[in-house]
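First comes the structure, then the notes that go with it.
Ligands are counted one by one from 1 in listed order, and the atoms in each one are counted from 1 as well.
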Amino acid sequence: MTGGMRAAAVREVGSPPLFGTFAYPDRATTVPPRFPIEHGDAPARPPSERASSLVAVTCAALNPIDLHVASGGFFQGPPQVPYVPGVEGVGRVLESDHLPAGTRVRFELGHPGYGGNGALAEQVVVDDESMVELPASVADDDAAALGVAGITAARALDLADLGAGEGVLVLGATGAVGAVAVQLARLRGAGRVVAAGRNPEQLRRAVAVLGADAAVELDGRSVADLAAAFREAAGGGVDVVVDPLWGEPAVAALAAGNLGVRLVNVGQAAGTSVEMPSVPLRGHRAVVRAISTAMDDLSLRRERYSEVLGHLAAGRLLVDHVTRPLEDVAEAWAAQASSPGRRLLLRVRPDSG
Ligand SMILES: NC(=O)c1ccc[n+]([C@@H]2O[C@H](COP(=O)([O-])OP(=O)(O)OC[C@H]3O[C@@H](n4cnc5c(N)ncnc54)[C@H](OP(=O)(O)O)[C@@H]3O)[C@@H](O)[C@H]2O)c1
């Protein structure tokens, strides 16, 4: 292939990325997509304060945010096409002022599509602060699959202020973020952990493999019935809810809360808005928090990634994933749109392990 590097690029807003070629990035002139992203009160750092490295990508992960940005529906507005999507990946350092060439790293980027490019390409320029050196014992695929899912689960549990022995309900436990949240809640000393989701096979796996104590299927039952099922599965009520769904499951989760229940919302897979009655909120002295982890500093993100990486390296945590060649990006994109039940990865370099 001539005329550039192998890459997947979104060429039209609202269309999936297409495999082809894209211009190689030049480290001297490329500014990686910004972290933390600029909204709310998040402080922005000028490009001059950010050291960057050139990385040869071996493996990149697809996340719901990649599809959201490409659709044009993200709050930052339609992306500037063409661009290479992909907020995270694993690769080998090619050029850097801080790490020797060849160092194997996990890296991440702010949101590509707003003046910067992402991980679905042979080479990418990344913020030095985003890179975490990987131990030899962790495979590229595992390290790539763990990233955003692990960081998000960890930050949700941070903000919930999970205490030892407290009951945790994980909504969307059938997805990547939820699956890590189930395992990490257990590792951080939770009491009973309840997994909730639609996919019955993944729910069984959450109990049999990930360590959940019970599962509740989100099968369209009423909010009152769902709340009763949550309470029963939790053996009374729940103290902490990790919520990538919003919608009616979040309402039912709060109705199943113990006094002082904390719900941390990280996504809206089950609905962008919902009628939230006041009584269960007041009656349970509920606290509802919400996060966009892209507003977190890279140092904090690196810390949380290192925490989950340590668990993964020790065999205490896993992230289900399936890896396809970069050439199959359009098919992987379509699969991600319909809740694949595992993290979808794209192998960028055909010869990598
Ligand atoms: N705030 C942040 O910083 C942040 C970071 C990462 C992710 N997120 C958000 O968190 C959510 C989950 O991310 P992920 O990476 O885990 O995605 P994922 O692996 O694709 O999982 C999607 C999850 O959403 C569930 N789901 C989808 N549509 C649903 C519906 N209509 N009703 C009920 N459940 C539904 C799926 O359930 P089934 O598989 O059982 O159908 C699955 O559990 C996404 O909305 C994502 O944008 C936010």
Side-chain angles (χ1 to χ4, degrees), residues 35-37 39-40 42 61-71 73-75 86-88 108 110-111 144-160 169-184 195-206 210 212 215-221 223 226 241-253 263-274 289-298 300-301 304-305 308 319-322 332-345:
F35 250 127
I37 61 166
H39 64 130
L62 283 187
N63 280 275
I65 187 68
D66 296 315
L67 278 69
H68 198 35
V69 168
S71 76
F74 192 50
F75 81 93
V87 295
E88 62 175 338
E108 60 180 333
H111 298 141
L146 177 69
V148 169
I151 294 167
T152 306
R155 292 291 294 133
L157 291 170
D158 288 351
L159 291 177
L169 168 61
V170 179
L171 303 177
T174 45
V177 171
V180 179
V182 166
Q183 300 167 84
L184 198 57
R198 295 182 304 182
N199 181 331
E201 191 190 323
Q202 288 303 111
L203 279 182
R204 279 193 289 277
R205 189 167 162 74
L210 306 184
V216 174
E217 193 175 334
L218 303 177
D219 53 7
R221 67 189 102 175
V223 167
L226 194 53
V241 183
V242 175
D243 172 30
L245 303 185
W246 201 237
E248 290 193 345
V251 180
L263 178 146
V264 180
N265 175 258
V266 304
Q268 51 182 28
T272 53
S273 55
V274 70
R289 300 193 71 172
I291 46 166
S292 170
T293 57
M295 291 176 72
D296 287 338
D297 268 349
L298 278 171
L300 179 57
R301 299 177 66 84
R304 292 301 176 270
Y305 181 73
V308 289
V319 185
D320 289 336
H321 55 76
V322 59
W333 197 264
Q336 175 54 50
S338 52
S339 294
R342 62 209 67 241
R343 189 50 93 221
L344 295 177
L345 305 175

**Report entry** Pairing of Arg205 and Asp320 as salt bridge, 4.0 angstrom limit
**Finding:** yes

[X] side chain near [Y] side chain, heavy-atom distance below 4.5 Å:
X	Y	value
His68	Asn63	no
Trp246	Leu263	yes
Arg301	Arg155	no
Asp158	Arg304	yes
Val319	Val180	yes
Ile65	Phe74	yes
Leu218	Leu245	yes
Val264	Val242	no

Within the structure, is a non-hydrogen atom of [X] found at a distance of less than 4.0 Å from ligand 1?
X	answer
Arg155	no
Gly341	no
Arg343	yes

Which ligand 1 atoms are under 4.0 Å away from a heavy-atom of [X]?
X	value
Pro244	10 (O), 11 (C), 12 (C), 45 (O)
Asn199	40 (O)
Ser292	1 (N), 3 (O)
Val266	1 (N), 2 (C), 4 (C), 8 (N), 9 (C), 10 (O), 48 (C)
Gln268	45 (O)
Val148	6 (C)
Gly172	43 (O)

Proximal candidate to [atom] [heavy atom criterion; set [options]]:
atom	options	value
atom 1 (N) of ligand 1	Val319, Ile291, Ile65	Ile291
atom 32 (N) of ligand 1	Ala290, Ala270, Ala196, Gly271	Ala270
atom 36 (C) of ligand 1	Ser339, Ala153, Ala294	Ser339

To the nearest 0.5 Å, what is the distance between [atom1] ([X]) and [atom2] ([Y])?
X	Y	atom1	atom2	answer
Ile291	Asp243	CD1	CG	10.5 Å
Glu248	Leu171	CD	CG	12.5 Å
Thr174	Arg198	OG1	CZ	7.5 Å
Leu67	Trp333	CG	CH2	4.5 Å

Close N or O approach ([X], ligand 1; < 3.5 Å):
X	result
Arg198	yes
Thr152	no
Gly175	yes
Asn63	no
Ala176	yes

Residue and atom name of the nearest protein heavy atom (relative to [atom]), distance in Å to one decimal:
atom	answer
atom 20 (O) of ligand 1	Gln336 NE2, 2.9 Å
atom 34 (N) of ligand 1	Leu245 CD2, 3.5 Å
atom 38 (P) of ligand 1	Thr174 OG1, 3.3 Å
atom 47 (O) of ligand 1	Pro64 CB, 3.5 Å
atom 7 (C) of ligand 1	Val177 CG2, 3.8 Å

Query raised in the report: Is the backbone of Val148 close enough, under 3.5 Å, to the side chain of Glu88 for a donor and an acceptor to pair up by distance?
Result: yes

